[in-house]
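As a basis for the values below, the full set of heavy atoms in this structure was taken, side chains included, without hydrogen atoms, waters or symmetry mates. The chains referred to below are lettered A, B, ... by the order of the sequence lines, with proteins before strands, and numbering in each begins at 1.
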Number of protein chains: 2
Amino acid sequence: MSLQQAILGFLALRPLTGYDLKKAFDGSVQHFWPADQAQIYRTLNKLDELGLASVELVEQEDKPDRKVYHITENGRSALHTWLSDTLPPTSEREPLLVRIFFSGFVDDETLLPRLAEAMAQEKAYLAAMQAILANAQQQVETLTEPAERRIGFFQLLTVERAILHHQAQIAWLESIITRLENQDLSIETP
Amino acid sequence: MSLQQAILGFLALRPLTGYDLKKAFDGSVQHFWPADQAQIYRTLNKLDELGLASVELVEQEDKPDRKVYHITENGRSALHTWLSDTLPPTSEREPLLVRIFFSGFVDDETLLPRLAEAMAQEKAYLAAMQAILANAQQQVETLTEPAERRIGFFQLLTVERAILHHQAQIAWLESIITRLENQDLSIETP
DNA sequence: ATCCTATATATGATTTGTCATATAATAAAC
DNA sequence: GTTTATTATATGACAAATCATATATAGGAT
């Protein structure tokens with residue numbers, strides 16, 4: 001359900017086309033809410049049908065015409081309602097944990113390279129997030145309008161969280177590797 | 001795709017019915033891979049079609065007949081292949097982060113109660129996970145077969161991770177609340 | 001006496017998400 | 001000169017997940 005709300009969120013900042021939205025997603029929320037191009041276009045159709053967004057057709061000569069979507073008043077209030085509502089019970093899906101859960105079936109020689117891969121992936125993510133934060137931090141500080149600063153703050157909070165969780169994940173993976181190498185299958189309560 | 005593999009994982013431990021599987025999911029991997037009852041039954045059909053599991057019909061007098069699923073040799077090797085394969089690029093979906101990302105649109109008075117709710121939820125989860133760990137830890141220690149201990153170890157690792165991440169999440173939420181209360185919209189690189 | 005829970009499987013409808021592919025023009029890269 | 005990337009939208013096919021509901025019996029709770 002969140003794709004609808006996320007699109008409304010972006011449209012609340014400025015009018016965008018489906019193409020723009022795909023870039024906006026890939027450049028910001030992609031790491032916790034990846035969006036498929038086809039899905040974006042279909043959701044935009046639906047938002048239009050529901051009256052939460054309206055379409056403005058902008059003709060172009062050399063490139064395909066653009067369909068610029070604007071959030072409507074109904075769209076704005078739908079967004080606010082969603083943001084003010086009580087949180088639904090969280091339900092996360094983490095494929096890596098499913099793998100780990102059943103990894104007792106395979107031996108260390110096959111498992112350790114996979115864990116090393118996961119570590120490398122995590123470290124790459126962490127570095128990317130730290131770069132994004134450093135960059136965005138400066139840009140947000142230049143904002144003078146309080147409303148804009150506030151919006152920027154919350155956007156950055158998600159990057160901050162990503163960093164925190166990647167760090168925790170790296171530490172966890174590292175401890176697993178160490179334990180396997182020491183043939184020490186123990187769990188200590190954190 | 002992970003539901004198929006997760007079911008195979010459970011069937012590799014012992015033969016189970018769809019009903020049993022639903023309980024097994026709810027009692028263990030539910031927090032990172034919730035499974036819908038309808039989906040479990042449909043996936044079992046598919047595993048049967050694919051020859052990865054076979055059905056044994058057990059008639060009962062007072063209760064409905066049971067369809068006990070057994071993993072086949074093909075099923076076992078499919079499971080091992082999956083567990084040995086390189087990891088696909090992670091793609092997580094976290095609805096809470098989508099909310100936070102756009103929370104700059106609402107004011108503190110509406111937001112703070114939501115954050116408090118999220119905190120309460122996290123703390124409840126944390127307590128539940130700690131209880132599960134304490135309990136399961138003892139049970140795993142009584143296992144004498146190395147293969148069983150190994151399987152138990154990896155299952156517990158996911159609980160350990162859950163605890164670690166819930167702790168990180170609680171600290172993060174706490175810091176957000178503090179910053180909002182102090183009207184300090186700053187981000188410090190972790 | 002009635003309601004709720006547990007046991008057990010099944011299906012229909014719908015929503016979401018994914019993958020591939022189509023069209024069509026320009027501009028840069030090799 | 002051919003391939004690749006960028007801009008822009010769209011659809012068909014499919015897989016996966018969610019929600020509601022149906023059937024049927026037994027036993028405990030109110």
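Proximity of residues 9-35 of chain B to DNA chain D (heavy atom under 4.0 angstrom from any strand atom) is restricted to B/W33. For residues 40-52 of chain A, proximity to DNA chain C is found at A/R42, A/K46, defined as any non-hydrogen atom under 4.0 angstrom from a strand atom.
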Considering only distance and modelled atom types, tabulate donor-acceptor pairs under 3.5 Å from the side chains of residues 40-49 of chain B, sequence neighbours left out.
| unit_1 | atom_1 | unit_2 | atom_2 | d |
| --- | --- | --- | --- | --- |
| B/Y41 | OH | B/Y19 | N | 3.2 |
| B/T43 | OG1 | B/Q39 | O | 2.7 |

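First and last contacting nucleotides of DNA chain D toward chain B (any atom under 4.0 angstrom from a heavy atom, 5' to 3' order): D/dA16 to D/dA26.
Residue pairs meeting the salt bridge (charged side-chain N to carboxylate O under 4.0 Å, His left out) criterion with at least one member in residues 159-183 of chain A, sequence neighbours excluded, are A/E160-B/R179, A/R161-B/E94, A/R179-B/E160.
We find that CZ of A/R93 is positioned 12 Å from C1' of C/dT16, with the value rounded to whole Å. Here C/dT16 presents its P atom at 18 Å from CD of A/Q37, a figure rounded to the nearest Å.
Summarising the geometry of B/V140 relative to B/G152, their closest heavy-atom pair is CG2-CA, 4.2 Å, with the distance given to 0.1 Å. When all heavy atoms of A/R149 and B/L185 are compared, the pair lying nearest together is NH2-O, 4.4 Å. A/R114 and B/L83 get closest at one heavy-atom pair: CG-O, 4.5 Å. Considering all non-hydrogen atoms of both residues, B/V98 and A/A6 come closest at CG1-CB, 3.9 Å. Looking at every heavy atom in both residues, B/H31 comes nearest to B/A162 through CE1-CB, 3.8 Å.
By the ring pair (Phe, Tyr, Trp, His ring centres under 6.0 Å) test, B/F102 is found to be paired with A/F10, residues two or more places apart in sequence or in another chain being considered.
Here the side chains of B/Y69 and B/L52 are not in contact, with every heavy-atom distance at 4.5 Å or above. Side-chain atoms of B/L79 and B/Q4, non-hydrogen and from C-beta on, never get closer than 4.5 Å to each other.
DNA chain C is contacted by both A/Q4 and B/V68; B/V68 maps to the nucleotide lying nearer its 5′ end (nearest heavy atom per residue).
Contact annotation: A/Q39 side-chain N/O to C/dT16 OP1/OP2 distance is not under 4.0 Å.
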